[in-house]
Amino acid sequence: MKRILVTGSAGQIGSELTMFLREKYGNENVVAGIHRTQPSEKLKESGPFETVDCRNSSALAATVEKFKINVIYHLAAVLSATGEKNPQLAWEVNINGLYNVLEIAREKNCSVFVPSSIAAFGPETPKDKTPQDTIQRATTMYGVTKVAGELLSDYYHKRFGVDTRGLRYPGIISYETLPGGGTTDYAVEIFYEAIKTGKYTCFLKPDTTLDMMYMPDCLKATVEVMEADSSKLEHRNAFNVTAFSVNPDLLTSEIKKHIPSFKVSYEIDEVKQAIADSWPNSLDDSAAKKEWNWKPDYDLPAMVNDMIEKLSIKLKK
Ligand code: SER
């Protein structure tokens with residue numbers, strides 16, 4: 001039986017992944033690991049939760065022991081823009097935290113999901129249809145920790161037999177919990193402002209093209225890679241995954257089909273723009289398709305349609 005710990009359980013992905021896993025594997029079998037972000041009542045009431053700082057290895061080990069955990073979805077992380085403001089903290093959480101998780105997984109025989117990102121690529125990486133295996137000279141601290149995290153996770157698999165698997169997430173769009181401190185956050189904020197005020201000031205240039213994915217596909221990909229037949233995996237850490245490639249201009253046009261009066265202006269944040277400019281325009285996710293049958297359900301119009309519908313209901317409450 002799977003006994004799962006999700007670190008970063010109150011975050012953008014963690015909050016929805018925890019509920020998704022609870023539905024699939026049983027509420028009691030999924031422990032919400034929370035730290036700085038306050039969890040929702042729904043998260044606290046639907047199953048066990050524990051305060052977990054991944055930088056504290058003995059507390060982490062005690063949680064794994066207490067709940068007899070055998071699978072860890074390690075989502076606790078500092079994102080790209082916060083990472084540039086505080087690179088030391090990004091290293092501590094993203095690298096020391098991951099190291100602690102992998103060490104505990106080695107000792108207690110847990111499998112581990114390790115998220116990577118489009119940020120694991122850099123300016124020298126081919127920008128379009130970025131291959132699975134290519135140049136990874138990341139230039140942000142977040143990206144550096146993601147490249148190192150991919151290598152460390154592969155190392156723990158090869159050297160110690162720990163079942164580590166990961167995805168290179170694109171920007172994730174969702175309406176449940178706001179992202180915090182990322183460069184792709186504009187693609188979530190734009191929906192809130194479109195519905196609430198009918199206007200949005202974007203911090204990235206209109207033609208900044210990046211890969212994105214809607215939350216239901218993110219949840220599906222995360223669980224599918226963990227459930228995949230290990231004998232079919234040539235790669236592990238981490239698979240390129242994507243659903244569509246989009247820029248602020250294109251996203252605005254798509255939103256305008258639903259809210260014709262929507263207006264976007266631009267005030268460029270130089271730090272975030274430089275981060276985005278160092279990342280690919282689009283990923284080639286054929287390895288994920290081949291090795292574990294990855295296929296997204298939402299293209300750009302389907303995502304925008306669902307996002308506007310669900311977020312409008314949420315904001316009316
Ligand atoms: N969404 C993340 C960020 O913008 C990328 O992994 O930091």
Side-chain angles (χ1 to χ4, degrees), residues 11-17 77 79-84 115 117-119 121 127 130 140 142-143 167-219 221-222 240-259 262-269 271-283 285 296-312 314-315:
Q12 185 199 10
I13 301 174
S15 59
E16 294 202 46
L17 182 67
L79 293 187
S80 58
T82 308
E84 286 317 285
S117 160
I118 49 173
F121 300 112
K127 281 235 174 266
T130 302
T140 62
Y142 178 67
L167 301 175
R168 291 182 185 132
Y169 284 140
I172 305 297
I173 300 173
S174 66
Y175 56 85
E176 190 79 33
T177 308
L178 281 167
T183 303
T184 56
D185 294 10
Y186 91 85
V188 177
E189 290 169 5
I190 196 169
F191 284 96
Y192 278 78
E193 294 309 316
I195 295 167
K196 283 198 296 198
T197 67
K199 50 185 197 299
Y200 177 62
T201 308
C202 187
F203 56 76
L204 293 183
K205 291 183 192 160
D207 61 349
T208 311
T209 304
L210 297 167
D211 272 308
M212 303 269 172
M213 183 186 281
Y214 195 31
M215 184 61 90
D217 281 329
C218 169
L219 301 176
T222 305
N240 285 1
V241 282
T242 181
F244 46 86
S245 184
V246 72
N247 60 42
D249 193 34
L250 196 58
L251 188 52
T252 304
S253 309
E254 206 54 49
I255 295 174
K256 277 180 157 209
K257 290 183 187 163
H258 301 260
I259 309 171
F262 181 45
K263 294 235 158 9
V264 174
S265 55
Y266 291 90
E267 255 172 50
I268 305 311
D269 178 320
V271 174
K272 289 180 186 164
Q273 186 64 50
I275 296 174
D277 287 343
S278 75
W279 294 350
N281 297 330
S282 66
L283 300 188
D285 58 359
D297 292 326
Y298 289 83
D299 60 8
L300 176 65
M303 177 280 290
V304 171
N305 196 32
D306 201 64
M307 215 23 218
I308 292 187
E309 187 188 319
K310 301 280 170 44
L311 190 58
S312 303
K314 180 182 164 179
L315 293 176

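Model, not experiment: these values are computed from the prediction.
Side chains of Gln273 and Asp277: a donor-acceptor N/O pair is present below 3.5 angstrom, by distance only.
No donor-acceptor distance shorter than 3.5 angstrom exists from the side chain of Thr201 to the backbone of Tyr266, with no hydrogens or angles considered. In this structure, the side chain of Lys314 engages the main chain of Tyr175 through a donor-acceptor pair within 3.5 Å.
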Discussion item. Run the side chain to side chain contact (heavy atoms under 4.5 Å, CB included) test on Tyr200 and Ile255 for me, step by step, so that the C-alpha distance in whole Å, both residues' side-chain angles and the decisive distance to 0.1 Å come before the verdict.
Written reply: CA-CA 12 Å; Tyr200 177 62; Ile255 295 174; over 6 Å; no
Item to complete: Please test His258 against Ile195 for side chain to side chain contact (heavy atoms under 4.5 Å, CB included), starting from the C-alpha separation and ending with a verdict.
Response: CA-CA 10 Å; His258 301 260; Ile195 295 167; over 6 Å; no
Item to complete: Could you walk me through whether Thr222 and Tyr169 pass side-chain hydrogen bond (donor to acceptor under 3.5 Å, both in side chains), step by step?
Response: CA-CA 9 Å; Thr222 305; Tyr169 284 140; 2.7 Å; yes
Discussion item. Using the rule given for side-chain hydrogen bond (donor to acceptor under 3.5 Å, both in side chains), can you reason through Ser80 versus Thr183, listing the C-alpha separation, both sets of side-chain angles and the distance that settles it, and then say yes or no?
Written reply: CA-CA 6 Å; Ser80 58; Thr183 303; 2.7 Å; yes
Practice prompt. Verify side chain to side chain contact (heavy atoms under 4.5 Å, CB included) between Gln12 and Val188, making sure each step is shown before the conclusion.
Written response: CA-CA 11 Å; Gln12 185 199 10; Val188 177; 4.0 Å; yes
Worksheet item: Hey, mind stepping through Leu251 and Val304 against side chain to side chain contact (heavy atoms under 4.5 Å, CB included) and telling me if it holds?
Response: CA-CA 8 Å; Leu251 188 52; Val304 171; 4.0 Å; yes
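Minimum interatomic distance between Ile172 and Thr184 (heavy atoms only, all atoms of both residues): N-OG1, 4.5 Å. Taking each heavy atom of Ser245 and Asn281 in turn, the nearest pair found is OG-O, 2.6 Å. Taking both residues in full, the closest heavy atoms of Asp299 and Phe244 are given as C-CD2, 3.7 Å, listed atom of the first, atom of the second, then distance. Scanning both residues, Lys256 and Phe262, for their nearest heavy atoms gives CE-O, 2.9 Å. Nearest approach of Tyr298 to Ala243, heavy atoms of both residues: O-CB, 3.6 Å. The shortest non-hydrogen separation linking Thr208 to Ala276 is CG2-CB, 3.6 Å.
For the pair Asn305 and Glu254, the minimum side-chain heavy-atom distance is 4.5 Å or more. Between Glu176 and Lys310 there is no side-chain heavy-atom pair separated by less than 4.5 Å. Considering only heavy atoms from C-beta on, Ser174 comes within 4.5 Å of Glu16 through its side chain. Taking the side chain as every heavy atom from C-beta outward, Lys272 and Tyr186 never approach each other to under 4.5 Å. Looking at heavy atoms from C-beta onward, Val241 lies in side-chain contact with Pro170 at the 4.5 angstrom threshold.
Classified by interplanar angle (parallel below 30°, tilted 30° to 60°, perpendicular above 60°), the ring pair Trp279/Tyr142 is tilted.
Between atom SG of residue Cys218 and atom CG of residue Leu17 there is a gap of 7.5 Å, rounded to the nearest 0.5 Å. Atom CG of residue Leu210 and atom CD1 of residue Ile118 lie 5.0 Å apart, to the nearest 0.5 angstrom. Atom NZ of Lys263 and atom OG1 of Thr197 lie 12.0 Å apart (nearest 0.5 Å). With rounding to the nearest 0.5 Å, the separation of OG1 in Thr242 from CG in Asp217 is 9.5 Å. Taken from CZ in Arg168 to CG in Asp285, the straight-line distance is 11.5 Å, to the nearest 0.5 Å. A distance of 12.5 Å separates CG of Leu204 from CG of Asp249, quoted to the nearest 0.5 Å.
At most 12 non-hydrogen atoms from other residues, nucleotides or ligands lie less than 6.0 angstrom from NZ of Lys205. Within a 6.0 Å sphere centred on NZ of Lys127, heavy atoms belonging to other residues, nucleotides or ligands number more than 12.
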